[in-house]
Amino acid sequence: MPVTRSTKTSQAHEKPARKRSKQPVANNHQVWVAKKLGGDFPPLTVHSKTVSDPRRGKVYVYGGYMPDDDAEMPLPYLHVFDTKTMKFTDLTNSLTYVTPGDPYSDAMLNREVKPLPSLSQPGIVLLELNNHPRIFIFGGYDAGDADGPSSTLIAVNTTHKEWYHVEFEDSQLPPPAPRIDPILVGVDEKLYIFGGIKNFGDNWTYHRTFSIIDFQLNAPSRKCKWLIVDAPYPDNVPANQLFGKGLPINNGTAILLLPGREKATSKLHIQKDNIFYFITMNETFMPANPKGVLPRDTHWYYACNFNPSLTLSSEPLSSEYSPATPSILLCTWIPHGQEDLSPEFWHFSAYPKNTFTRLGISDRVYDLEKNFQRFALVGNRAFLMGQGDGSDDNDGEEGAMCDTYVEIPVQELL
């Protein structure tokens with residue numbers, strides 16, 4: 001696979017790392033300078049999932065599998081990155097399993113540490129419910145006893161470091177079909193699930209449906225409810241349309257749906273006909289018809305809500321974070337020269353502008369000569385993370401996914 005570096009010494013380390021960085025970590029918000037991360041680095045894995053808690057300045061990294069594992073067995077690792085300290089913490093063996101609906105169960109009375117299930121490429125999202133952040137994990141390939149795609153919803157209470165299987169009211173609606181890598185988007189007290197892959201293979205087959213969960217936070221049963229299950233996409237969504245990412249915009253009145261890939265090796269091209277809005281009020285799809293310089297030849301990408309006014313706060317929220325500014329930041333990995341890749345930022349001004357603008361960071365990041373392969377946007381701060389090259393004080397930690405970072409001043413680029 002192409003790398004994001006210009007030097008021949010760049011390699012993907014393959015051994016898991018559990019050691020803690022002994023180097024001091026400065027946090028003076030310097031930008032455009034590659035600096036050392038600290039703490040318990042997550043091991044280098046492929047297809048791990050990342051979610052951000054912008055209000056608390058944290059990023060969570062879940063799962064993935066080792067790059068030299070031909071069987072591609074997923075791992076249950078969960079790490080958190082704190083932008084206040086610029087350190088990672090390993091939460092994998094700090095989580096307890098609970099059964100909120102049964103306070104007298106053995107799981108509740110005799111709490112034991114239990115890692116999350118080993119799921120390959122589930123959907124994942126972080127929501128704020130009752131002033132507490134929760135990570136929701138749905139679907140994925142279950143490498144445990146199920147040994148196949150999953151349709152289970154898991155919640156992680158990051159405040160209390162506990163996880164549980166979400167319970168649902170009895171309903172005439174069956175759960176959605178099992179799936180891998182679905183899109184999860186939270187709006188108000190609802191969770192929207194789009195698409196997903198039916199199973200792994202050379203050519204992926206996607207579910208062309210959406211489902212909606214109501215969390216029913218004020219219901220006596222405290223159980224969730226399926227409002228819609230596997231409703232097919234309407235006729236105005238082309239038959240070959242594949243969605244890969246989704247984000248709430250305009251205070252949740254709409255969900256921006258971005259394209260996915262046809263198979264694992266496919267490059268992604270954003271085009272005028274493959275971005276849609278899902279209107280939450282009437283559950284309809286509307287083409288976005290984007291303008292401007294559209295991202296192309298993308299090997300992989302991240303998409304995040306960008307709210308330049310959001311800063312860290314300890315004050316509780318009355319509802320989950322839902323940005324009012326229709327502004328999206330994409331971080332794509334695109335070709336740089338003949339053999340390498342480099343990250344590039346794109347700003348998307350959503351409805352009514354529907355316009356992409358390339359921010360032009362690719363050359364400057366490439367010149368840092370670091371192997372950046374991860375991205376996180378936390379509030380109004382953007383971070384590229386990856387591996388050092390051993391040539392200076394930022395030498396790489398063997399087997400670490402991320403031991404080096406650079407902060408990019410997005411607001412100065414707009």
Side-chain angles (χ1 to χ4, degrees), residues 49 51-55 100-101 122-140 150-158 163-177 179 181-196 207-234 237 243 245-258 276-286 303-305 307 316-324 326 328 350-351:
K49 293 289 185 172
V51 290
S52 296
D53 183 350
R55 187 63 62 178
I124 189 168
V125 69
L126 187 143
L127 303 178
E128 191 94 14
L129 298 176
N130 285 338
N131 298 325
H132 288 286
R134 286 178 173 83
I135 298 172
F136 288 93
I137 300 171
F138 179 79
S150 169
S151 60
T152 300
L153 182 64
I154 293 169
V156 183
N157 185 323
T158 58
W163 69 274
Y164 54 92
H165 291 97
V166 176
E167 296 183 336
F168 288 85
E169 287 185 349
D170 293 335
S171 171
Q172 296 180 346
L173 296 175
R179 64 200 61 211
D181 205 22
I183 300 169
L184 304 188
V185 180
V187 174
D188 295 328
E189 296 181 3
K190 295 183 175 64
L191 180 65
Y192 294 77
I193 302 170
F194 297 90
H207 290 278
R208 290 178 42 81
T209 62
F210 69 94
S211 303
I212 304 175
I213 295 171
D214 188 341
F215 287 112
Q216 299 194 125
L217 298 181
N218 297 318
S221 68
R222 295 285 183 175
K223 294 183 179 181
C224 296
K225 180 180 180 180
W226 289 104
L227 299 179
I228 295 177
V229 173
D230 279 339
Y233 294 159
V237 178
F243 295 125
K245 298 186 187 299
L247 297 166
I249 62 169
N250 291 333
N251 287 320
T253 59
I255 295 171
L256 176 68
L257 294 170
L258 297 162
F276 279 74
Y277 294 111
F278 178 84
I279 311 304
T280 56
M281 181 178 63
N282 54 17
E283 296 153 9
T284 58
F285 290 75
M286 182 180 77
C304 306
N305 294 104
N307 186 347
L317 300 176
S318 59
S319 62
E320 80 280 354
Y321 169 69
S322 184
I328 306 296
Y351 185 85

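Computed from heavy atoms alone, side chains included, the values below leave out hydrogens, waters and symmetry copies.
Here the CD atom belonging to Gln216 is positioned 7.5 Å from the CG atom belonging to Leu227, to the nearest 0.5 angstrom. Interatomic distance, Thr152 OG1 to Phe138 CZ, rounded to the nearest 0.5 Å: 7.5 Å. Once rounded to the nearest 0.5 Å, the distance linking CG of Asn218 with CD of Glu189 reads 6.0 Å. For the atom pair CG of Asp53 and OG1 of Thr158, the computed distance is 6.0 Å after rounding to the nearest 0.5 Å. In this structure, CZ on Phe194 lies 4.0 Å from CD1 on Ile255, to the nearest 0.5 angstrom. Here Asn307 contributes atom CG and Asn305 contributes atom CG; the two are 8.5 Å apart, rounded to the nearest 0.5 Å.
With a 4.5 Å cut-off on side-chain heavy atoms, Val185 and Val125 do not count as touching. Ile213 is listed as a side-chain neighbour of Trp226, based on a closest heavy-atom distance under 4.5 Å. Inter-residue side-chain proximity for Glu283 and Phe278 is flagged as met; some heavy-atom pair is nearer than 4.5 Å.
Residues Ala177 and Arg179 come closest through the heavy atom pair O-NE, 2.9 Å. Pro248 and Val187 get closest at one heavy-atom pair: CB-CG2, 4.1 Å. Closest non-hydrogen pair, Val166 versus Cys224, comes out as CG1-SG, 3.5 Å. Smallest separation of non-hydrogen atoms from Arg134 and Tyr164: NE-OH, 3.3 Å. Minimum heavy-atom separation, Thr280 to Gly252: OG1-O, 2.8 Å. The two atoms that bring Val237 and Arg208 nearest to each other are O-NH2, 3.2 Å, heavy atoms only.
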Chi angles and distances behind the side-chain contact (heavy atoms from CB on, under 4.5 Å) call for Asp181, Lys49: CA-CA 10 Å; Asp181 205 22; Lys49 293 289 185 172; 2.4 Å; yes

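Ring-plane geometry between Tyr277 and Tyr351 is classed as perpendicular, the angle between the planes exceeding 60 degrees on a 0 to 90 degree scale with a lower cut at 30. His165 and Trp163 have perpendicular rings, their planes meeting at more than 60° on a 0 to 90° scale where under 30° would count as parallel.
Annotation: Phe276 is not in aromatic contact with Tyr233 [ring centroid separation under 6.0 Å not met]. Taking the six-membered ring wherever Trp is involved, the centroid distance between the rings of Phe210 and Phe285 falls below 6.0 Å.
Heavy atoms of other residues, nucleotides or ligands lying less than 6.0 angstrom from NZ of Lys245 number more than 12.
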